[in-house]
Amino acid sequence: ANIGAENGFVVTIEDDDPLPIVNVLDVRQVVSEGQGGYLYVRVGVSAPSGRGISIPYSLSGTADETDDYTRDDSVDVNPLESINGASSDFFLVEDDVPEVDETIVITLEEPEFGVLGDSTTQTITIVDDDAPGETIANPSIVLGHAFDRVLEGTTSVSVPVLLSGFPASTVSLPFTV
């Protein structure tokens with residue numbers, strides 16, 4: 001009997017495992033601006049995956065991305081990591097400017113090779129560590145400019161207000177349009 005020429009045969013194994021569930025591990029984090037260094041946004045997955053998981057995220061909050069922190073663009077999970085997950089690095093920027101506490105709000109977006117769980121948002125509060133300068137009981141208030149010209153139909157106008165020093169308490173400026 002003649003078996004003939006050897007032919008190749010390809011078998012494709014399709015991954016039928018459920019996609020891992022992705023969650024933020026630390027919903028709230030409070031840090032001091034003075035600690036400087038890295039912050040970690042920790043993300044966990046429900047089970048190890050045969051594939052790497054890339055998790056994009058969006059940012060909001062009151063902290064500014066260049067003045068208060070820098071960051072990585074996404075969270076990448078190694079295929080063999082599971083509940084301990086992975087992290088995205090944020091680096092705190094130390095400054096000497098007295099300011100109110102600020103927040104970074106990280107919201108996970110739809111991951112590649114994973115599904116979002118119930119915990120998709122982390123809020124990091126950066127507590128300011130800079131002492132205000134000498135406080136003034138009644139600082140003077142000066143408008144940044146005396147007039148502004150806008151087009152008819154304009155719905156808002158920003159008017160800069162300058163203070164002569166750090167107020168000892170909240171300052172309010174009543175005005176009439």
Side-chain angles (χ1 to χ4, degrees), residues 15 17-133 144-145 148 150-151 154-163 166-167 169-173:
D15 185 356
D17 295 334
L19 293 174
I21 299 169
V22 176
N23 282 296
V24 168
L25 295 178
D26 304 307
V27 176
R28 297 208 182 284
Q29 187 176 4
V30 178
V31 297
S32 170
E33 176 187 68
Q35 85 180 38
Y38 285 97
L39 295 174
Y40 302 101
V41 177
R42 295 183 325 123
V43 175
V45 294
S46 60
S49 173
R51 306 177 225 182
I53 304 170
S54 181
I55 309 161
Y57 57 84
S58 61
L59 294 171
S60 59
T62 58
D64 181 80
E65 186 170 343
T66 48
D67 293 338
D68 300 311
Y69 66 91
T70 59
R71 66 179 174 100
D72 290 342
D73 291 330
S74 67
V75 180
D76 294 312
V77 180
N78 182 300
L80 301 178
E81 293 175 358
S82 61
I83 196 67
N84 293 326
S87 67
S88 181
D89 297 340
F90 281 69
F91 186 79
L92 284 180
V93 175
E94 171 84 48
D95 65 29
D96 294 327
V97 178
E99 53 198 351
V100 297
D101 297 346
E102 298 171 303
T103 58
I104 306 170
V105 179
I106 299 103
T107 303
L108 300 182
E109 296 177 346
E110 202 59 45
E112 182 178 16
F113 305 122
V115 294
L116 291 176
D118 294 332
S119 181
T120 60
T121 301
Q122 176 175 354
T123 300
I124 299 170
T125 301
I126 304 171
V127 178
D128 187 54
D129 68 335
D130 302 309
H145 45 60
D148 202 351
V150 296
L151 295 174
T154 301
T155 58
S156 67
V157 175
S158 295
V159 179
V161 177
L162 308 171
L163 295 174
F166 294 103
S169 62
T170 303
V171 174
S172 55
L173 176 64

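By convention here, the first residue in the shown sequence is residue 1.
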With a 4.5 Å cut-off on side-chain heavy atoms, are [Y] and [X] touching?
X	Y	value
V41	I124	yes
Q29	F90	no
D101	D128	yes

(message) Applying side-chain contact (heavy atoms from CB on, under 4.5 Å), can you list everything that pairs with T107, at least two apart in sequence or on another chain?
(response)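 Checked T107 against side-chain contact (heavy atoms from CB on, under 4.5 Å); matches are S58, V105, T121.
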By side chain to side chain donor-acceptor pair (under 3.5 Å), which residues pair with [X], not counting sequence neighbours?
X	value
E102	none
E33	none
D64	T66
S156	none

Enter the distance from [X]:[atom1] to [Y]:[atom2] here, rounded to the nearest 0.5 Å.
X	Y	atom1	atom2	result
E109	I55	CD	CD1	11.5 Å
E99	D68	CD	CG	5.5 Å
L39	L92	CG	CG	4.0 Å

(request) On the 0 to 90° scale, with breaks at 30° and 60°, tag the F91-Y38 ring pair as parallel, tilted or perpendicular. (result)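 Ring orientation, 0 to 90° scale: perpendicular.
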(request) Could you pull out the closest heavy-atom pair between G117 and I21, with the gap in Å? (result)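 Between these two residues, the closest heavy atoms are CA-CG2, 3.4 Å.
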(request) Identify the heavy atoms of G34 and D129 that sit nearest to each other, and give their distance. (result)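 Here G34 and D129 meet closest at CA-OD2, 2.9 Å.
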(message) Quick check on L116: does its CG atom have over 12 non-hydrogen neighbours (other residues, nucleotides or ligands) under 6.0 Å away?
(response)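 Buried by this count: over 12 neighbours within 6.0 Å.
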(request) Scan residues 17-32 for pairs that pass salt bridge (charged side-chain N to carboxylate O under 4.0 Å, His left out), counting only residues two or more places apart or in two chains. (result)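 Those involving residues 17-32 are D26-R42.
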(request) Could you check D95 against D67 for side-chain contact (heavy atoms from CB on, under 4.5 Å), going step by step and ending with a plain yes or no? (result) CA-CA 8 Å; D95 65 29; D67 293 338; 5.7 Å; no
(message) Determine whether Q122 and Y57 satisfy the following criterion, side-chain contact (heavy atoms from CB on, under 4.5 Å), listing intermediate values before the conclusion.
(response) CA-CA 11 Å; Q122 176 175 354; Y57 57 84; over 6 Å; no
(request) Going by the side chain to side chain contact (heavy atoms under 4.5 Å, CB included) test, name the single residue among L25, I106, L108, N23 that passes it with V43. (result)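 Among the candidates, only L108 passes.
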(message) Strictly distance-based, threshold 3.5 Å: is any side-chain N or O of S119 a donor or acceptor partner for the main-chain N or O of V24?
(response)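 Here the side-chain-to-backbone pair exists.
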(request) Look only at the side chain of S46 and the backbone of P20, and say whether a donor-acceptor pair between them is shorter than 3.5 Å. (result)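 No, S46 side chain to P20 backbone: no donor-acceptor pair under 3.5 Å.
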